[in-house]
Colleague: 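I am attaching a structure below and will ask some questions about it afterwards.
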Amino acid sequence: MMHTDTLLEAYRLMCTAKAMAETYEANRTACKYVHSTSRGHEAIQLATAFQLLPCDYISPYYRDESILLGLGFSPYQLMLQLLAKRDDIFTGGREYYGHPNYRGNDKPTIIHQSSATGMQVIPTTGVAQGLQYLEQINSDKLIKGPNGELPVVICSLGDASVTEGEVSEAFQFAVLKKLPVIYLVQDNGWGISASADEVRVMDAYDYAAGFPGLDRVRIDGSNFEESFDAMHRVVQYVRQHRTPYLVQAKVPLLGHHTSGVRKEFYRSQQDLEKHALSDPGPRLRKQLLHVGIEEHELLHIEKKAWEDVTAQFQQALTAPEPDPATVAEYVFVPTPVTEEKGQRQPAGNEKIIMVDAALFAIREIMEDHPEAMLYGQDVGRRLGGVFREAATLAEKFSDVRVFNTAIQEAYIIGSTVGMSAVGVKPIVEVQFADYIYPGFNQLVTEISKSCYLTCGKFPVQTVIRVPVGAYGGGGPYHSGSVETTLLSIKGIKVVYPSNAADMKGLMKAAFLDPNPVVMLEHKGLYWSKVPGTEDAKTIEPSRDYILPLGKANLVVQADIQNITNGESCCIITYGMGVYWARTAARQFPGMIDIIDLRTLYPLDEALIFETVKKHGKCLVLTEEQQHNSFAEALAGRISSACFQWLDAPVAVLGALNVPAVPMNMYLEQAMLPNGEKVAAVIKRLLVS
C-alpha cells in the first residue's frame, strides 16, 4: 500500500492544477497568450515527477504543467510564463506556457523543446546518448544521485506525435545504442480535432513492438497509484539496466486542446462525459477516503489550493513586463575565440590539401578534448567518410567516439542539442548538402532557437560539417549549395573556408564556439584537383592556430595608384568563387581587390564596406543560383551602406537560375560562373 503522504501530496497538486486551469478559464482576457493545461493528465504526470532526482533529465511537452508542479515549481513560476512576464524563470517571456527549461542542482535538468509535435524526441534521446558516452569514458561531467544513482532521461509526448517520422528515428537510435531513456506517451485519444481511430492504425504500445529492445508497458494513466507503481518500476529498471523503455498511459482529456482551440469546437457532449468519468482527481479523492483520510482534511486541501492559486495569480498579473530593449539578447552566447592565434605558416611545415586540414584539425581536437565526438553517415572505421575526411579517426579514437549512423539527417543534427546539454561536444556530418533538408526541422525548430528561448542557458555547442558545391559531374543531388537557406535561419553561424589554413583555423574556432556552427566545405576544393584551385593548398598551420569567425581576408590587393585613378574594383566572394575571381583578376593586374569572406555569419561588414568605399565599384560573386540568393541580399546591404561612395550599381554574379546542377559536365559548366564570366563583369564595371 502506498504511503498516504504521497497520496495526499498528489491530491494537493491535482487540486492545484485544477484550480489553475479554472482560474485561467475564468480570466481569459488576462490569459491572452495561447496555453494548454494538464487537466486529465495529472495522475501520470505527478507519478512521473515523483520518481526523479536532480541528476535526471526530463523533457515535458506543452500539456505537462503537473509534471512541473510535481518537480517543485510553484504555480507563480508557471504563471509568469503563462502571462509572458519578465521574471519568467524559463524564457523571460519569450515562450508559451508549459515550455520550460531548467538547469540547477535542486531539480532535474530540462532542455528546451519547441511546440513542434514530436520534435523534442530526438534532442532528448541525444541527452541519453550523451549520458551514455560520459559513462563510457568515466567522465567527471556525469552527475549521479546522492547514493550513486545513474541518471535517467524521460521524454514526454502526446500519442498523436508518435506518427512523426522523427520519433521513429529516435526510437531506432535508442534501441540500437541501448540508451537510458523512457518515452512517456500520454494517450488521450485526440490530436487536436483528429481522433485516434481516424489517423492511426495502432497506438504507441503496439508501435513500440516494431523496435526490438524497446521495453514497453501500457497503463491506466488516470489512476495515480497504478501510475506511480509503474513509473517507479520503469525508472528503477532503466537506472540499473540502461536500456530504453516506452510507457503508454491512457488518460482523459478534460480541458481544451489549447485556449484557442476549444473542446466544444469539435468534441461531442457524449465524448466529454465519457472522459470526465476518468478524471484523476475524484478517483484519488475516493481512494483517500477509502484509506481513512477524513472529509474535512480533503476539503481543507481543496480550499487551500484555491486560495494559493488565486493569490499567486493576482501576484503574477501585476508582475513587470519584459523590457523591450532586451529583445535581441541571447541570440548567441559569447565565444572565447576573438583573436587569431598561433602560426599560420610555421617554418618547416609542408603544404596540405583542404580535406587533410579538416582531418588534422579534428584529430587534434579529439586528442585535446575527450568530450569531443564525431558521427554521421559513413564516417566510421571502414570508410572514414566518402571524401576520406575522417580517415583513421575511428582507428585512433575508437568506435565509441567516431561511428557511423543510419541515414537519419534529423537525428544526426537534432541529437546534438541533447549531447551539448550534458557537456559532450559533437562534431557531426551530413554527407552532402543536398541531403541536409530532412535535418532542417531540428536545425530550425530546436537548435537555432535553444539559446534565445532559454535566455542563454542552453546554447547548442556543435559543429555540423556539410560538403557542398559542384564540379566534375556530381549531378543534381550531390552538387548543391545551401548557404542562402542556412543564412535565413537566425541563431546559427555559417562558415565557408576556401583553403587549407582557413579550414584548420576555422574548424578549431567552430569547435570552441559555444554556439551551433555549420561548416560548409566545398568538395571541389578538398584535393585542389579543379584547375585553378592550387592555392587551396597551404602550409599546415601550427597545432594552436585558431582563426576567429567573422573575419574576412583580403586575398588579392589592387595597386594604390589604380585605386586613386578610379581604375579598380573589388570582388566580394567565398569558396570556389575565390578561385574564379583570382583567375579573372589576372586579366586586370593591379586593379582588383578580392575579399574572401571565410565566414558568412557573422559577416565581416566592416572590411566589406571599407573596401567597397575605397573602390566605388563592387561585384558580389557566388556559386549559388543568383536570384534571391545571399549574394543578392549582400549586394543590397552594400548598396544601402555605401550608396554615396558607389560609382556604379553593385554587380552580382551567380549560377544560372535552374532548379539543380545538371549531371552532364558541359551543362554543369554552362550553369556555373567561371573566370571568363567574372572577367566580363569586371570589364563592364571598370568602364562604367
Colleague: Between the main-chain N or O of Ile412 and the side-chain N or O of Ser415, is there a donor-acceptor pair closer than 3.5 Å?
Modeller: yes
Colleague: Atom CG in Asn441, atom CD in Glu164: separation rounded to 0.5 Å?
Modeller: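 Asn441 atom CG to Glu164 atom CD measures 7.0 Å (nearest 0.5 Å).
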Colleague: Considering residues at least two apart in sequence or located in another chain, which fulfil the ring-ring contact (aromatic ring centres under 6.0 Å, His included) criterion with Phe432?
Modeller: Phe387, His478
Colleague: OG/Ser36 to OH/Tyr96 distance, rounded to the nearest 0.5 angstrom?
Modeller: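 Interatomic distance, Ser36 OG to Tyr96 OH, rounded to 0.5 Å: 11.0 Å.
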Colleague: Between Ser139 (side chain only) and Leu134 (backbone N and O only), is there a donor and an acceptor less than 3.5 Å apart?
Modeller: no
Colleague: Is it the case that the side chain of Ser450 and the backbone of Ile447 share a donor-acceptor pair, with hydrogens and angles ignored and the cut-off at 3.5 Å?
Modeller: no
Colleague: Does Gln81 use its side chain to pair, donor to acceptor, with the backbone of His99 at less than 3.5 Å?
Modeller: yes
Colleague: Would you check, one step at a time, whether the test side-chain contact (heavy atoms from CB on, under 4.5 Å) holds for Tyr97 with Tyr33?
Modeller: CA-CA 8 Å; Tyr97 184 60; Tyr33 302 109; over 6 Å; no
Colleague: With a sphere of 6.0 Å drawn around CZ of Phe228, does it hold more than 12 non-hydrogen atoms of other residues, nucleotides or ligands?
Modeller: yes
Colleague: Name all residues meeting the salt bridge (charged side-chain N to carboxylate O under 4.0 Å, His left out) criterion together with Asp87; count only those two or more places apart in sequence or in a different chain, and write none if there are none.
Modeller: none
Colleague: Do Ser222 and Ser278 get their side chains close enough for a donor-acceptor pair, meaning under 3.5 Å?
Modeller: no
Colleague: Got a sec, which residues hit ring-ring contact (aromatic ring centres under 6.0 Å, His included) with Tyr245, two or more places apart in sequence or on another chain?
Modeller: Tyr237
Colleague: Could you tell me how the ring of Phe171 sits relative to the ring of Tyr207: parallel (under 30°), tilted (30 to 60°) or perpendicular (over 60°)?
Modeller: tilted
Colleague: Assess whether side-chain contact (heavy atoms from CB on, under 4.5 Å) is satisfied between Cys451 and Phe458, documenting all intermediate values.
Modeller: CA-CA 5 Å; Cys451 185; Phe458 289 98; over 6 Å; no
Colleague: About how many Å separate CD1 of Ile365 and CD of Glu371, when rounded to the nearest 0.5 Å?
Modeller: 10.5 Å
Colleague: In the structure I gave you, are the side-chain heavy atoms of His35 and Glu65 within less than 4.5 Å of one another anywhere?
Modeller: no
Colleague: Can you name the salt bridge (charged side-chain N to carboxylate O under 4.0 Å, His left out) partners of Asp229, sequence neighbours left out?
Modeller: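 Testing Asp229 for salt bridge (charged side-chain N to carboxylate O under 4.0 Å, His left out), a comparison that skips the adjacent residues, returns none.
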Colleague: Assess, by modelled atom type and distance only, whether the side chains of Gln461 and Ser420 contain a donor and an acceptor separated by less than 3.5 Å.
Modeller: no
Colleague: Give a yes or no answer on whether the side chain of Glu409 reaches the backbone of Gly439 with a donor-acceptor pair at less than 3.5 Å.
Modeller: no
Colleague: Whether the Gln113 and Ser59 side chains hold a donor-acceptor pair (N or O, under 3.5 Å, no angle test) is what I'd like checked.
Modeller: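 A pair is found: one side chain offers a donor N or O, the other an acceptor, under 3.5 Å apart.
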Colleague: Assess whether side-chain contact (heavy atoms from CB on, under 4.5 Å) is satisfied between Phe511 and Asp368, documenting all intermediate values.
Modeller: CA-CA 12 Å; Phe511 176 79; Asp368 295 341; over 6 Å; no
Colleague: Applying salt bridge (charged side-chain N to carboxylate O under 4.0 Å, His left out) as the test, list every pair that has at least one member in residues 200-222; sequence neighbours left out.
Modeller: Asp159-Arg200, Asp203-Arg218, Asp206-Arg218, Asp220-Arg283
Colleague: For a 4.5 angstrom cut-off between non-hydrogen side-chain atoms, does Pro516 reach Ile464?
Modeller: no
Colleague: Enumerate, atom names and distances included, each donor-acceptor pair closer than 3.5 Å involving a side-chain atom of residues 173-187, sequence neighbours excluded.
Modeller:
residue : atom : partner : partner atom : Å
Tyr183  : OH   : Thr125  : OG1          : 2.8
Gln186  : OE1  : His41   : ND1          : 2.8
Gln186  : OE1  : Gln45   : NE2          : 3.0
Gln186  : NE2  : Asp64   : OD1          : 2.9
Gln186  : NE2  : Ser156  : OG           : 2.8
Asp187  : OD1  : Gly189  : N            : 3.0
Asp187  : OD2  : Gln248  : NE2          : 2.7

Colleague: Quick one: CD1 on Ile44 to CE on Met231, what's the gap to the nearest 0.5 Å?
Modeller: 5.5 Å
Colleague: Do the non-hydrogen side-chain atoms of Gln129 and Tyr411 ever get within less than 4.5 Å of each other?
Modeller: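 The answer is yes, as the side chains (C-beta and beyond) meet within the 4.5 Å cut-off.
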Colleague: What residues form a ring-ring contact (aromatic ring centres under 6.0 Å, His included) with Phe73, not counting sequence neighbours?
Modeller: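 Residues passing ring-ring contact (aromatic ring centres under 6.0 Å, His included) with Phe73: Phe90, Tyr102.
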Colleague: Report yes if some heavy atom in the side chain of Val444 is under 4.5 Å from a heavy atom in the side chain of Lys449; otherwise report no.
Modeller: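 Yes; the side chains approach each other to less than 4.5 Å.
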Colleague: Considering only residues two or more places apart or on different chains, which pairs with a residue in residues 38-62 satisfy salt bridge (charged side-chain N to carboxylate O under 4.0 Å, His left out)?
Modeller: Arg39-Glu42, Arg39-Asp279, Asp56-Arg239
Colleague: What pairs with Lys85 under salt bridge (charged side-chain N to carboxylate O under 4.0 Å, His left out), at least two apart in sequence or on another chain?
Modeller: Glu321
Colleague: Taking His275 for the side chain and Leu254 for the main chain, is one N or O donor matched with an acceptor at less than 3.5 Å?
Modeller: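 No.
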Colleague: Please examine the side chains of Tyr57 and Thr124, heavy atoms only from C-beta on, and report whether any two atoms are closer than 4.5 Å.
Modeller: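 Side-chain contact under 4.5 Å: no.
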Colleague: Between Glu135 and Arg242 (salt bridge meaning N to carboxylate O under 4.0 Å), is one present in this structure?
Modeller: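 Salt bridge flag = yes for Arg242 with Glu135.
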Colleague: Rounded to the nearest 0.5 Å, how far apart are CG of Leu393 and OG of Ser398?
Modeller: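 Nearest 0.5 Å value for the CG-OG distance: 11.0 Å.
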Colleague: Taking Ser66 for the side chain and Leu46 for the main chain, is one N or O donor matched with an acceptor at less than 3.5 Å?
Modeller: no
Colleague: Is it true that a side-chain atom of His232 and a backbone atom of Ala230 form a donor plus acceptor pair closer than 3.5 Å?
Modeller: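 Side chain of His232 to backbone of Ala230, a donor-acceptor pair under 3.5 Å: no, none is there.
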Colleague: Within a strict 4.5 Å, meaning less than it, do heavy atoms of the Thr335 and Leu549 side chains meet?
Modeller: no
Colleague: State whether a side-chain donor-acceptor pair under 3.5 Å links His112 with Glu95.
Modeller: yes
Colleague: Quick one about Thr326 and Glu329 (side-chain donor to acceptor, distance below 3.5 Å, no hydrogens or angles considered), yes or no?
Modeller: no
Colleague: Could you tell me whether the side chain of Asn515 and the main chain of Val333 form a donor-acceptor pair under 3.5 Å?
Modeller: yes
Colleague: Check whether any side-chain heavy atom of Val460 lies under 4.5 Å from a side-chain heavy atom of Ile492, and answer yes or no.
Modeller: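 No, every pair of side-chain atoms sits at 4.5 Å or beyond.
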Colleague: Determine whether the side chains of Gln236 and Gln51 contain a donor N or O and an acceptor N or O closer than 3.5 Å.
Modeller: no
Colleague: Are the side chain of Arg401 and the backbone N or O of Met366 linked by a donor-acceptor pair below 3.5 Å?
Modeller: yes
Colleague: Test of understanding: with side-chain contact (heavy atoms from CB on, under 4.5 Å), list the residues that count as partners of Leu512, not counting sequence neighbours.
Modeller: Val337, His369, Ile546
Colleague: With salt bridge (charged side-chain N to carboxylate O under 4.0 Å, His left out) as the rule and sequence neighbours excluded, what pairs involving residues 112-134 come up?
Modeller: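 For residues 112-134: none.
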Colleague: Would you say NZ of Lys508 has more than 12 non-hydrogen atoms from neighbouring residues, nucleotides or ligands within 6.0 angstrom?
Modeller: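 Yes, NZ of Lys508 has more than 12 neighbouring heavy atoms, counting only those of other groups under 6.0 Å.
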Colleague: Are any of the side-chain heavy atoms of Glu166 and Val121 separated by less than 4.5 Å?
Modeller: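 They are not in side-chain contact.
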Colleague: For Arg381, check salt bridge (charged side-chain N to carboxylate O under 4.0 Å, His left out) against everything at least two apart and list the hits.
Modeller: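 For Arg381, the residues satisfying salt bridge (charged side-chain N to carboxylate O under 4.0 Å, His left out) (neighbours in sequence not counted) are Asp399.
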Colleague: So which of Thr117, Thr258, Val261 actually passes side-chain contact (heavy atoms from CB on, under 4.5 Å) with Ile192?
Modeller: Val261
Colleague: From Lys18 NZ over to Ser38 OG, what is the distance, rounded to the nearest 0.5 angstrom?
Modeller: 12.5 Å
